[in-house]
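Reviewing the structure listed below.
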2 protein chains.
Amino acid sequence: MSNTPQRVPDTKERILDAAEKLFGQNGFTATSLRDITAEAGVNLAAVNYHFQTKESLFEAAIARRMEPVNRRRIELLDAAGANPTLEQILLAFLSPLFVRHPNEAIGLMSQILATPDSFVRQLFKKHLAGVVNRFVEALQQALPNLTRTEILWRLHFTAGSMAHLMARGSVLPEISEGLCNPSDRPAVLARLVTFAAAGFRADAWGGDAGLGGEAA
Amino acid sequence: MSNTPQRVPDTKERILDAAEKLFGQNGFTATSLRDITAEAGVNLAAVNYHFQTKESLFEAAIARRMEPVNRRRIELLDAAGANPTLEQILLAFLSPLFVRHPNEAIGLMSQILATPDSFVRQLFKKHLAGVVNRFVEALQQALPNLTRTEILWRLHFTAGSMAHLMARGSVLPEISEGLCNPSDRPAVLARLVTFAAAGFRADAWGGDAGLGGEAA
DNA sequence: GTATTGCTCATACGTTCGTTTCAATCATAC
DNA sequence: GTATGATTGAAACGAACGTATGAGCAATAC
C-alpha cells in the first residue's frame with residue numbers, strides 16, 4: 001500500500017484530465033462520472049477504484065491544479081519584494097491561473113467559487129483561504145488608506161470578475177459581435193489587472209452613492 | 001385556453017417562489033423538482049401541469065423577476081437624461097437588482113450568467129442581451145476614450161463581480177472574520193459601483209502589463 | 001513454475017431524477 | 001340539482017445517477 005511498484009498505466013491521470021475538463025466546463029452536479037469515464041476512455045469502476053467517491057475525485061482534480069498555482073502565487077508575491085506595488089500583487093494572484101493549463105485551472109477555480117455545495121466550500125477553505133489571507137495582508141500594506149473590510153470587498157469583486165470570465169467566456173461573445181476573445185489570454189489578464197487595480201485605488205466609499213432611497 | 005376563469009389558487013405562484021429561491025441558491029441542475037414542490041407545499045405533478053418542464057419553470061422564474069428589473073433599468077437610464085454620468089449608468093444597471101426581491105432576483109441573475117447549459121444561454125440572450133446593448137451604448141457615450149471592445153470587457157468584469165457577489169455571499173464571510181456582510185445591500189451596491197466606476201475610468205490597456213512572458 | 005498484488009472489466013445494485021397517468025376534487029354554468 | 005372544465009392527488013414510468021461486486025488479467029516475488 002505504501003511504496004508499491006506503480007506500473008504508471010496513467011488511467012488515473014486520464015481520469016483527472018477528463019474530470020478537470022468537464023467539472024470546469026459544466027460544474028460538479030452537471031457532470032456525471034459516466035461523462036468523465038467516457039471522455040477519459042476508461043472503465044466506470046476505475047474512478048471508484050482510484051478515487052473513492054465523486055467528491056474525492058473533484059477534490060483531487062482541484063488539488064492537482066491548485067497547489068502549483070498557489071505555490072506560484074506566493075513565489076511571485078515574494079519575488080516582488082517587501083513593498084510590492086498593487087499591480088505586482090494582482091499579477092501575482094491572477095497570472096498563475098493563466099499559465100500552462102489555463103482553461104482547466106481557470107474553470108476549476110471558478111467552480112470552487114461558484115458551487116454552493118458545502119463540501120466545495122470546505123475545499124475553498126482548504127486550498128484558497130490561506131493564500132487569500134496572505135494577499136489581503138499585502139494589499140493592506142500597499143493600500144494603507146483602505147480598511148481591511150474595504151480590501152476584502154474589492155478582492156471579492158476581483159475574484160468575481162475572474163471567476164465569471166473563466167468559467168464562461170461563453171456568454172460574452174454572443175453579445176459582443178466577436179469583439180471579446182477570451183482565448184487571447186495575456187490580453188485578458190492585462191485588462192483584468194488594469195480594471196481591478198483602478199477599482200482598488202478608488203477612494204473608499206464614505207456614505208451615500210446617490211441611491212436616493214432606491215434600495216431601501 | 002385564452003380567457004379562462006382563473007381561480008387564482010396561487011399554487012402556481014408558490015411554485016415560482018420556491019423555484020426562484022432554490023434555483024437561485026443551488027443552481028438549475030442541483031435543484032430537483034421535488035425540492036421545489038416540497039418547499040412550495042404543493043404536489044409534484046402541479047409543476048408539470050402549470051409549467052410543462054423543468055426548463056420552462058426556470059425560464060418562467062427568470063422572466064417574472066427579470067422583466068421588472070430590466071424595465072426599471074431602462075427607466076433609470078432614461079431618467080438620467082441624454083448625457084448620464086458613469087455612476088448614473090452603473091446605478092441604473094445594478095440598483096434594480098438590489099430592490100424589493102433582492103435575494104431572489106440576484107440569485108437568478110447570477111445563475112443565468114453562471115449556468116453553462118445551452119438553454120440558459122438562450123435565456124440570457126432573450127432577457128439580457130437587449131438591455132446590455134443599450135447600456136453599452138450609454139457607456140460608450142460616457143467614456144469616449146474607450147473602444148467598444150474595452151467597454152464590453154469591463155462590463156463583463158462588472159457583471160462578474162455582481163454575479164459572484166450575489167449567488168454566493170457565502171464564500172466571503174468565511175475568510176473575512178465577519179467583516180463583509182452581504183446583507184447590507186445599499187452598502188454593497190455603493191461599494192460595487194465605486195469599484196466598477198474606477199475600473200471603467202482606468203486608462204485603456206495599451207500593450208504589455210508587466211507579464212514578462214509569463215503567460216506565453 | 002505458483003502465489004500474490006495492482007489494476008481493469010462487465011455488470012448490477014439501490015436511489016433519485018423528470019415526466020406521465022388517471023382518478024378525485026372543486027368552482028362555476030346551466 | 002347536474003354537467004363541465006380547470007385543478008390537484010397518489011402512484012408509477014423509464015432513464016440516469018453514484019456506488020459496489022467479483023471475475024479476469026498483467027506483472028512481479030518467490
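Below, read A as the first sequence line, B as the second, and so on, with proteins coming before strands; counting in each chain starts at 1.
Among the nucleotides C:dC7, C:dT19, C:dA10, the one closest to any side-chain atom of A:Asn43 is C:dA10. The side chain of A:Arg34 sits closest to C:dA12 out of C:dA12, D:dT8, D:dA12.
In this structure, B:Lys12 atom NZ and D:dT7 atom P are separated by 8 Å, rounded to whole Å. Residue B:Asp10 contributes atom CG, which lies 13 Å from atom C1' of D:dT8 at whole-angstrom precision. Summarising the geometry, the separation between CD1 on A:Ile15 and C1' on C:dC9 is reported as 13 Å, rounded to the nearest angstrom. Between B:Tyr49 atom OH and D:dG9 atom P the separation is 13 Å, expressed in whole Å. Rounded to whole angstrom, the span from the CG atom of B:Leu44 across to the P atom of C:dG18 amounts to 9 Å. As a whole-Å value, the separation of A:Asn26 CG from D:dC17 P is 12 Å. Atom CZ of A:Arg14 and atom C1' of C:dC7 are 13 Å apart (whole Å). Between the NZ atom of B:Lys54 and the C1' atom of C:dT20 there is a distance of 17 Å, given to the nearest Å.
At a cut-off of 3.5 Å, with distance as the only test, a side-chain donor of B:Ser56 or B:Thr53 sits close to an acceptor on the other residue.
Here B:His50 does not reach the OP1 or OP2 of D:dA6: none of its side-chain N or O atoms lies under 4.0 Å away. Checking the phosphate oxygens (OP1, OP2) of D:dT7, no side-chain nitrogen or oxygen of B:Thr11 falls inside 4.0 Å. Checking the phosphate oxygens (OP1, OP2) of D:dA16, no side-chain nitrogen or oxygen of A:Ser32 falls inside 4.0 Å. At C:dG18, none of the side-chain N or O atoms of B:Asn48 fall inside 4.0 Å of OP1 or OP2 (strictly under the cut-off).
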Task: Trace of the side chain to side chain contact (heavy atoms under 4.5 Å, CB included) decision for A:Phe51 with A:Lys12 - done: CA-CA 9 Å; A:Phe51 316 90; A:Lys12 192 170 178 177; 3.7 Å; yes

Open item on the list: Determine whether B:Glu75 and B:Arg72 satisfy the following criterion, salt bridge (charged side-chain N to carboxylate O under 4.0 Å, His left out), listing intermediate values before the conclusion.
Closed with: CA-CA 5 Å; B:Glu75 218 174 279; B:Arg72 185 82 183 121; 2.7 Å; yes

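Within 4.0 Å (heavy atoms only), B:Ala45 reaches at least one base atom of the nucleic acid. Contact annotation for B:Thr31: backbone-only contact, meaning every heavy-atom pair under 4.0 Å involves sugar-phosphate atoms and none involves a base. Across all strands, A:Thr29 comes closer than 4.0 Å to no nucleic acid atom at all (heavy-atom distances).
Considering CZ of B:Arg121 and CD1 of B:Ile112, their distance stands at 13.5 Å, rounded to 0.5 Å.
Of the listed residues (A:Leu77, A:Leu86, A:Val193, A:Leu76), just one forms a side-chain contact (heavy atoms from CB on, under 4.5 Å) with A:Leu91, and that residue is A:Val193.
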